[in-house]
Amino acid sequence: MQIITFTTQEDDWQRGRVGALLNHEYLLDFERALDGAKPAPNHLAWLDMDGPWWQKSRATFEDLAHDSSLLIRATEKGWLTKRSEAYWFAPVPRPGKLICIG
């Protein structure tokens with residue numbers, strides 16, 4: 001799963017959305033895929049692999065990646081964003097540390 005931070009023309013440009021590259025056409029928007037449940041309090045909470053937001057998002061991604069018949073339902077619910085309509089940001093904005101090895 002390739003994590004992405006993105007926005008669209010409909011969104012606030014200051015606040016990126018977290019999602020994953022689903023296929024050659026769509027991105028899965030993690031927040032919209034929660035289907036009305038409380039979203040993560042901040043961007044980094046989505047990336048906490050022990051947290052409930054990551055678990056739910058990963059399960060949804062796996063379901064959609066392995067069953068293409070679910071893509072129609074996900075599109076109708078607004079969970080997916082076309083890759084061509086998204087503006088991409090760094091996957092982890094403002095990381096706490098940057099470690100380089102030379």
Side-chain angles (χ1 to χ4, degrees):
M1 180 165 61
Q2 296 175 339
I3 304 300
I4 183 171
T5 301
F6 68 98
T7 191
T8 64
Q9 286 185 339
E10 304 164 358
D11 294 331
D12 176 13
W13 286 90
Q14 300 298 319
R15 183 181 163 270
R17 304 178 77 74
V18 181
L21 301 176
L22 188 58
N23 56 30
H24 67 279
E25 188 176 359
Y26 291 108
L27 306 170
L28 172 63
D29 185 327
F30 288 170
E31 188 172 332
R32 290 182 182 166
L34 287 176
D35 225 8
K38 184 180 176 184
N42 59 54
H43 186 88
L44 293 178
W46 288 105
L47 306 177
D48 177 8
M49 293 185 175
D50 293 326
W53 299 284
W54 174 261
Q55 299 296 327
K56 169 69 172 145
S57 299
R58 175 133 184 135
T60 302
F61 175 85
E62 295 294 332
D63 290 345
L64 291 171
H66 292 99
D67 188 354
S68 59
S69 65
L70 296 175
L71 288 176
I72 296 169
R73 190 184 86 181
T75 304
E76 291 170 354
K77 289 187 169 199
W79 296 0
L80 306 180
T81 300
K82 288 192 175 196
R83 289 174 73 158
S84 61
E85 296 175 3
Y87 299 94
W88 299 21
F89 300 131
V92 181
R94 291 188 245 138
K97 292 182 181 179
L98 181 62
I99 300 172
C100 300
I101 300 173

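- Across A45 and W53, no two heavy atoms sit closer than the pair O-CE3, 4.1 Å.
- Between F30 and W54, the angle of the ring planes goes over 60°, which puts this pair in the perpendicular group of the 30/60° scheme.
- Among residue pairs with one or both ends in residues 67-82, those qualifying as side-chain hydrogen bond (donor to acceptor under 3.5 Å, both in side chains) are D35-K77, D67-S69; sequence neighbours excluded.
- Follow the hydrophobic side-chain contacts under 4.5 Å out from F61 and you reach I3 in the same cluster.
- Here F89 contributes atom CZ and F6 contributes atom CZ; the two are 10.0 Å apart, rounded to the nearest 0.5 Å.
- Using a 4.5 Å cut-off between side-chain heavy atoms of Ile, Leu, Val, Met, Phe, Trp and Tyr, with links allowed through other members, M1 and L47 fall into the same hydrophobic cluster.
- Under the 4.5 Å side-chain criterion, counting only non-hydrogen atoms from C-beta, R83 is in contact with W88.
- Under the 4.5 Å side-chain heavy-atom criterion for Ile, Leu, Val, Met, Phe, Trp and Tyr, I72 and L27 are members of distinct hydrophobic clusters.
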Sequence neighbours excluded and cut-off under 3.5 Å, please list the side-chain donor-acceptor pairs for residues 18-25, or say none.
residue	atom	partner	partner atom	Å
N23	OD1	E25	N	2.8
N23	OD1	Y26	N	2.7

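- R17 places a side-chain heavy atom less than 4.5 Å from the side chain of R32.
- Separating the CD1 atom in I4 from the CG atom in D29 is a distance of 11.0 Å, to the nearest 0.5 Å.
- Across every non-hydrogen atom of A33 and L28, the tightest pair is CB-CD1, 3.9 Å.
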